[in-house]
2 protein chains.
Amino acid sequence: MIQSGSPTLEQVAALAGVSRATVSRVVNGSPKVLPDTVAAVERAIGELGYVPNRAARALVTRRTDSVAIVVPEPDSRVFSDPFFAGMLSGVSRTLAPTPSQLVLLIEPAEADDQRLLRYLRGGHVDGAIVISHHGRDNILQELAQLPLPIVFSARPLGVEVPVASVDVDNVAGARTGVEHLLSIGRTKIATVAGPLDMTAGLDRLTGYKQAMQAAGLPEVIGYGDFTADGGEQATLRLLDDRPDLDALFVASDLMATAALRVLAGRGRRVPADVAVVGFDDSVLATTTTPKLTTVRQPVEQLGARLAEILLAKIAGADLTTPEIYSTELVIRDSA
Amino acid sequence: MIQSGSPTLEQVAALAGVSRATVSRVVNGSPKVLPDTVAAVERAIGELGYVPNRAARALVTRRTDSVAIVVPEPDSRVFSDPFFAGMLSGVSRTLAPTPSQLVLLIEPAEADDQRLLRYLRGGHVDGAIVISHHGRDNILQELAQLPLPIVFSARPLGVEVPVASVDVDNVAGARTGVEHLLSIGRTKIATVAGPLDMTAGLDRLTGYKQAMQAAGLPEVIGYGDFTADGGEQATLRLLDDRPDLDALFVASDLMATAALRVLAGRGRRVPADVAVVGFDDSVLATTTTPKLTTVRQPVEQLGARLAEILLAKIAGADLTTPEIYSTELVIRDSA
DNA sequence: TTGTATGCGTTATCAA
DNA sequence: TTGATAACGCATACAA
């Protein structure tokens with residue numbers, strides 16, 4: 001609607017004294033154009049301030065030069081999650097040097113999946129990255145079967161077909177966190193788990209169980225939902241049930257901040273009385289008192305890798321396997 | 001590249017036994033089509049799973065049905081800022097029921113403004129929202145003068161032409177925060193200010209000064225940069241210079257978390273010895289110990305309003321004035 | 001190496 | 001109310 005006076009290939013061609021086709025070749029970097037011609041065309045382009053019309057190009061190439069980030073999650077909590085922020089950062093950094101633009105697809109509150117699927121099926125984007133922080137949405141299966149290059153940010157629960165995905169080894173990460181608590185002499189270690197309909201919640205609980213079983217210690221499990229409130233409730237219950245706890249493995253930093261607050265409220269010193277290990281190493285980990293010892297996942301790198309895989313798939317690569325990266329224990333003051 | 005078999009208007013027309021033009025009318029909800037015809041066309045559309053080709057449509061209508069969120073800020077810190085998250089949430093919620101898609105434009109690390117400006121000038125989007133958290137970028141002036149509907153998330157510093165913008169009254173908000181500290185009997189009130197090349201940093205400092213002057217009290221100012229580290233340094237310096245402080249007005253929640261940690265480290269009780277008021281009411285405000293008393297800005301609503309204004313401008317409205325919303329003091333435990 | 005001609009899928013203008 | 005037809009700006013097969 002704006003660029004009514006925007007110059008076209010035609011006008012550049014006229015000014016440069018060549019044909020439209022030649023200008024097109026120059027614009028697209030075709031090798032077989034005489035240097036002189038190239039120079040003339042580029043001069044004309046500069047003079048006119050020519051910019052290719054994306055719509056016209058997309059119409060004939062059938063490529064849109066844009067990829068979607070799909071967030072099948074009406075909840076605005078997703079945005080304030082440092083996980084999402086890191087992903088976005090990694091993805092956009094990888095896309096920056098390419099011609100591809102990033103389109104954000106949020107599932108509207110009414111949750112009409114069909115609108116989203118129709119959009120993706122409509123060829124408006126060349127591919128999609130699904131930030132499926134929450135699992136078991138029945139939309140995941142449909143997304144996975146779309147005739148469109150697609151990558152998931154975590155193994156999508158409940159999806160049977162093989163799909164490309166990028167994630168950390170949540171099981172091993174959790175195990176490492178618990179093993180650290182064991183190594184500093186704690187034996188009454190409880191966990192505040194995440195929701196079990198998410199890969200992250202499920203796998204981190206598994207890691208906790210593995211470490212406890214290997215140590216021959218009894219499991220004490222509280223269930224949260226990856227929110228601060230949920231973490232608070234779970235911690236309160238755990239403390240009531242097992243007043244003698246000496247350590248807490250909390251499945252996310254956000255829930256860990258709540259746990260720290262609850263412990264302070266109950267007069268328990270951290271880490272002297274109760275040691276606490278979180279998961280994420282998000283910005284929250286350094287804003288707490290004491291600073292949080294936590295299991296770091298390289299979120300930005302995951303996002304970058306997600307974008308790389310998608311670009312490769314768009315270019316024709318056949319990638320349908322999960323990629324798993326490792327975590328790293330970051331020891332600060334809480335354990 | 002994908003939708004090679006995607007049905008076109010032509011095919012729908014053939015199946016429905018009408019012309020392309022008529023199908024187009026039905027798709028675009030033209031009132032003057034016979035109900036019977038509409039029904040026939042819709043049946044064909046459903047049967048074929050027809051989805052309009054956006055590129056073809058954009059080519060002729062010269063509208064792209066997409067708007068950009070521009071982040072002239074290579075720093076990935078922007079993403080992890082709850083401010084950005086809230087904005088995004090508000091914008092996307094407002095856009096959801098419209099046909100417009102959200103394109104994310106991040107300035108790549110090399111900071112080549114020209115690429116960004118060329119894209120915006122190229123008619124790839126119908127309008128743009130600039131999240132200009134940082135000010136004085138010299139790109140702001142160029143953005144403001146683009147022949148494109150544009151809205152700023154804060155009064156852009158250093159831009160002389162009138163532009164549409166949405167922000168809170170940072171001056172009044174800060175004043176309210178300081179007045180609360182005064183009302184609970186504090187008199188030795190320092191501030192940890194934000195950077196002065198940002199609207200938010202500048203205005204909140206002004207608000208602090210106004211309140212202190214009105215109370216006839218001396219100003220004690222430390223300068224941070226809206227990061228946790230900066231807040232920590234500034235707080236340490238303040239405490240060294242004025243050991244007798246009894247209150248702190250910190251210009252952002254993130255810096256306030258750092259201040260709380262420093263105070264705890266120095267053995268000062270909050271709020272008994274030193275009362276602390278933050279600014280934002282982001283998720284951080286409830287993850288600290290004690291929970292933060294802070295000045296709330298309705299970030300999501302600002303984002304929503306930003307989108308509304310942009311849509312209005314795209315529709316032809318001539319809006320080039322700032323809109324200022326008010327803040328609200330949220331009293332928790334730190335003051 | 002360059003130019004000509006054609007078509008991509010849609011909307012809009014003008015007749016019918 | 002509907003249909004035929006001409007753009008929209010570009011890339012590419014084919015010719016020269």
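Convention: sequence-line order gives letters A, B, ...; per-chain numbering from 1.
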* Residues in side-chain contact (heavy atoms from CB on, under 4.5 Å) with A/Ala58, at least two apart? -> B/Ala55
* Spacing between B/Arg63 atom CZ and C/dT10 atom C1', to the nearest angstrom -> 15 Å
* Please name all residues satisfying side-chain hydrogen bond (donor to acceptor under 3.5 Å, both in side chains) with B/Glu323, sequence neighbours left out, ordered by chain then number. => B/Arg305, B/Tyr325
* **Length of the CZ-C1' vector between A/Arg62 and C/dT10, whole Å** => 13 Å
* Taking ring-ring contact (aromatic ring centres under 6.0 Å, His included) as the test, write out the residues that go with B/Tyr119, two or more places apart. => B/His124
* Asked: In whole angstrom, what separates B/Gln11's CD from C/dC8's P?
  -> 11 Å
Counting only pairs under 3.5 Å, give me each side-chain donor-acceptor contact of residues 143-164 of chain B, with atom names and distances, residues two or more places apart or in other chains.
unit_1   : atom_1 : unit_2   : atom_2 : d
B/Ser153 : OG     : B/Ser132 : N      : 3.3
B/Arg155 : NH2    : B/Asp203 : OD1    : 3.0
B/Arg155 : NH2    : B/Asp203 : OD2    : 2.5

* When the C1' atoms of the five terminal pairs at each end define the local axes, what inter-axis angle does the helix from C/dT1-D/dA16 to C/dA16-D/dT1 show, to 10 degrees? -> 30°
* At their closest point, which heavy atom of B/Gly127 faces which heavy atom of B/Leu310, and how far apart are they? -> C-CD2, 3.8 Å
* Looking at residues at least two apart in the chain, or sitting in another chain, which of them share a side-chain hydrogen bond (donor to acceptor under 3.5 Å, both in side chains) with B/Thr320? -> none
Contacts under 3.5 Å, N or O only, protein and nucleotides 1-5 of chain D:
unit_1 : atom_1 : unit_2  : atom_2 : d
D/dT2  : OP1    : B/Thr37 : OG1    : 2.3
D/dT2  : OP2    : B/Leu34 : N      : 2.9
D/dG3  : OP2    : B/Ser19 : N      : 2.9
D/dG3  : OP2    : B/Ser19 : OG     : 3.0
D/dG3  : OP2    : B/Thr22 : OG1    : 2.5
D/dG3  : N7     : B/Arg25 : NH1    : 3.4
D/dG3  : N7     : B/Arg25 : NH2    : 3.4
D/dG3  : O6     : B/Arg25 : NH2    : 2.6

* May I ask you to list the residues of residues 43-60 of chain A, by number, that have any heavy atom positioned under 4.0 Å from an atom of DNA chain C? => A/Leu59, A/Val60
* To do: Kindly write out the residues that satisfy side-chain contact (heavy atoms from CB on, under 4.5 Å) with A/Ala312, not counting sequence neighbours, or none if the list is empty.
  => A/Ala317, A/Leu319
* Asked: Residues in side-chain hydrogen bond (donor to acceptor under 3.5 Å, both in side chains) with A/Thr64, at least two apart?
  -> A/Ser66, A/Asp126
* Considering residues at least two apart in sequence or located in another chain, which fulfil the side-chain hydrogen bond (donor to acceptor under 3.5 Å, both in side chains) criterion with A/Arg20? -> A/Glu10
* **For B/Val38, side-chain contact (heavy atoms from CB on, under 4.5 Å) partners two or more places apart** => B/Val26, B/Val33, B/Glu42
